[in-house]
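These notes are about the structure you will find just below.
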2 protein chains.
Amino acid sequence: MPQAPAAQAGRKPSRIQLRNRKRILEAALEVFSTHGFRGTTLDQIAAEAGLSKPNILYYFEGKEEIHVTLLNQLLDAWLAPLRAIDPQGEPLEELMGYVGRKLEMSRDLPRESRLFANEILQGAPRMGPHLESVLKPLVDQTAAVIDGWVRQGRLAPVDPRHLLFSIWATTQHYADFEAQVGVLMRDVDVHTGASAHIEALFRRLLTPEVTAGSGETRTLGH
Amino acid sequence: MPQAPAAQAGRKPSRIQLRNRKRILEAALEVFSTHGFRGTTLDQIAAEAGLSKPNILYYFEGKEEIHVTLLNQLLDAWLAPLRAIDPQGEPLEELMGYVGRKLEMSRDLPRESRLFANEILQGAPRMGPHLESVLKPLVDQTAAVIDGWVRQGRLAPVDPRHLLFSIWATTQHYADFEAQVGVLMRDVDVHTGASAHIEALFRRLLTPEVTAGSGETRTLGH
DNA sequence: TCGTAAGTTTACCAAATGGTAAAAAAGCGA
DNA sequence: TCGCTTTTTTACCATTTGGTAAACTTACGA
């Protein structure tokens, strides 16, 4: 077999190989995230990467492999903030920190967010198993932690999974629906306002009620 | 010109025409909402509608016209709950009613939600002007109403636009990310839990703080 | 029931697109 | 510098896909 860097799993990749694979993935992220899988052509990726189409197929077995590679890389980065929640920490601050980190990701990595949204929107055809084997266990685990906090009375009662859904939804909205947000909030610093709003939203939800009827001041702003 | 029901704007449509256009739009909604615009083929729509491809092109000028027709129909239905907010009503209940109606729509019309999400995700290439001319004025108007309520102290201070974003995000999440929600909440009545969670989320956010330090019980559940 | 218009089908086509073969060019260790 | 491997390009190809032409069939008012 004369040549086959695309399929080869073993052997250390050359410098050129490393550089070009990175270029291709960067270009593919750009194109896939705005046009979806079917809406993206290899020619578009090739043009964006500054390589020829056959050259791209020298590094990847096909369009699908590029897409799957991106998706898998993405999920890890995506779940990092969730893994960073410390079961030993202060519940409210752990969760608010998570909210903040997710919002930052939406601002700094909007293409990744849209790539993921595109995939899920279409029924996760290339990610289903991954969600099952990677996302689900992590969410189950996190849900147990949050449930524990709630039972200890250190957090207002919430369904952990619905809580996570609403955190994901509100934070990713700014990346995924940017076209809509842009129409409705032109020339404004969207992120600052979003941050304040979302922090208030979840802090109010999660702050435990004062137990008895004592007129104690709550920890909310003003 | 011998025949051209696709292009004709005038004249009243025949019974057959009405029936088949409806069939096509229903089939197209099904397919577009799961595969996106580029991911959908006319053959798929034809098969789903039980018609031949040329027959479909007898009723619509092309793939694009079908998609645009769906999108325009959709936006009206989508905005109805927003129009239903009564500036004269009780602020908290008006907004909670809106939240509830949006959540119902997400449950009852998930395909429409996904169709819309797909379009916005890709930068609203076929909807941009419509968002500008229809959505924006309505949102501006609603934002003014909410702002008024806040200034009257009948609502906790919120940014109206970010409030709308978070309502849209949380409610539509259940339709748009159904593939993910399904993995994480198998065999559970998702809607009931979602409803309780989202109602708590926004009721807490929007309920105005009691002015002074009186230890009055708030209107929240337990 | 007959004629015309509306509706449907069959048979195509041109362009776009994912992918391949094989030759040419560039790298690079000895 | 030589010779072998890696990388890149040129020239294709088969399939898919949006769309059309024109023949054929059905509906329906006079």
Side-chain angles (χ1 to χ4, degrees), chain A residues 1-25 27-28 30-32 34-70 122 125-126, chain B residues 1-25 27-28 30-32 34-70 122 125-126:
Chain A
M1 45 197 82
Q3 42 128 246
Q8 76 170 187
R11 287 312 76 103
K12 56 234 154 185
S14 76
R15 225 174 324 139
I16 293 179
Q17 217 165 124
L18 239 43
R19 168 172 56 82
N20 282 355
R21 281 184 72 100
K22 188 179 294 182
R23 271 193 198 172
I24 292 168
L25 289 174
E30 182 70 29
V31 187
F32 277 136
T34 47
H35 301 287
F37 180 74
R38 293 275 319 256
T40 294
T41 70
L42 282 177
D43 285 304
Q44 281 175 290
I45 298 176
E48 183 80 26
L51 298 171
S52 68
K53 182 168 65 176
N55 201 4
I56 282 183
L57 293 168
Y58 173 74
Y59 290 104
F60 289 90
E61 286 193 0
K63 189 180 168 182
E64 181 122 7
E65 199 208 324
I66 303 178
H67 195 244
V68 169
T69 301
L70 278 175
Q122 320 213 335
R126 287 165 255 278
Chain B
M1 47 196 77
Q3 42 127 245
Q8 76 170 187
R11 289 310 76 103
K12 57 233 155 185
S14 76
R15 225 176 324 137
I16 293 179
Q17 216 165 124
L18 240 43
R19 168 173 55 83
N20 281 355
R21 281 184 71 100
K22 189 180 294 183
R23 271 193 197 171
I24 292 168
L25 289 175
E30 182 70 29
V31 187
F32 276 137
T34 48
H35 297 95
F37 181 75
R38 294 272 322 254
T40 294
T41 71
L42 282 177
D43 285 305
Q44 280 176 291
I45 298 176
E48 183 81 25
L51 298 172
S52 69
K53 182 168 64 174
N55 201 6
I56 282 184
L57 292 169
Y58 173 74
Y59 290 103
F60 289 90
E61 286 193 358
K63 188 181 169 183
E64 181 123 7
E65 199 206 325
I66 303 178
H67 195 244
V68 170
T69 301
L70 279 175
Q122 320 213 333
R126 286 166 256 276

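Since this is a predicted model, take the numbers as computed values, not measurements. The chains referred to below are lettered A, B, ... by the order of the sequence lines, with proteins before strands, and numbering in each begins at 1.
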Intermediate values then yes/no, side chain to side chain contact (heavy atoms under 4.5 Å, CB included), A:Lys22 and A:Leu18: CA-CA 6 Å; A:Lys22 188 179 294 182; A:Leu18 239 43; over 6 Å; no
Shortest non-hydrogen contact from B:Thr40 toward B:Lys63: O-NZ, 2.7 Å
Short side-chain N/O contact from B:Ser52 to OP1 or OP2 of C:dT8, under 4.0 Å: no
Whole-Å distance separating the CZ atom of A:Phe60 from the P atom of D:dT7: 13 Å
Summary of protein contacts for nucleotides 24-30 of chain D, nucleotide by nucleotide, where a base hit scores B, a sugar-phosphate-only hit scores S (4.0 Å, heavy atoms): ----S--
Shortest non-hydrogen contact between A:Ile24 and A:Ile45, atoms and distance: O-CG2, 4.2 Å
Separation of atom OH in A:Tyr58 from atom C1' in D:dT5, rounded to whole Å: 9 Å
Worked verdict on A:Arg38 versus B:His35 for side chain to side chain contact (heavy atoms under 4.5 Å, CB included): CA-CA 8 Å; A:Arg38 293 275 319 256; B:His35 297 95; 5.9 Å; no
Throw together a table of side-chain donor-acceptor distances under 3.5 angstrom for residues 50-57 of chain A, partners on residues two or more places apart or in other chains.
from, atom 1, to, atom 2, distance (Å)
A:Ser52, OG, A:Asn55, N, 3.3

B:Tyr59 side chain, from C-beta outward: closest of C:dA21, D:dT7, C:dG7: C:dG7
Side chain of A:Asn20 (C-beta onward), nearest among C:dA11, D:dT8, C:dA6: D:dT8
Side-chain N,O (B:Gln17) to OP1/OP2 (C:dA6) below 4.0 Å: no
Between P of C:dG7 and CZ of B:Arg21, the distance in whole Å: 11 Å
Are there any protein N/O atoms within less than 3.5 Å of an N/O atom in nucleotides 13-18 of chain C, and if so, which ones and at what distance?
from, atom 1, to, atom 2, distance (Å)
C:dT17, OP1, B:Arg38, NH2, 3.1
C:dG18, OP1, A:Thr40, O, 3.2
C:dG18, OP1, A:Lys63, NZ, 3.0
C:dG18, OP2, A:Leu42, N, 2.8
C:dG18, N7, A:Lys53, NZ, 3.0

Distance in angstrom units between B:Asn55 CG and C:dT9 P, rounded: 6 Å
Plane angle bin for A:Phe37 and A:Phe32 - parallel if under 30°, tilted between 30 and 60°, otherwise perpendicular: parallel
Minimum-distance pair of heavy atoms, taken over all atoms of A:Arg21 and A:Phe60: NH2-CE2, 3.4 Å
Close side-chain approach of B:Gln44 to B:Glu48, heavy-atom, < 4.5 Å: no
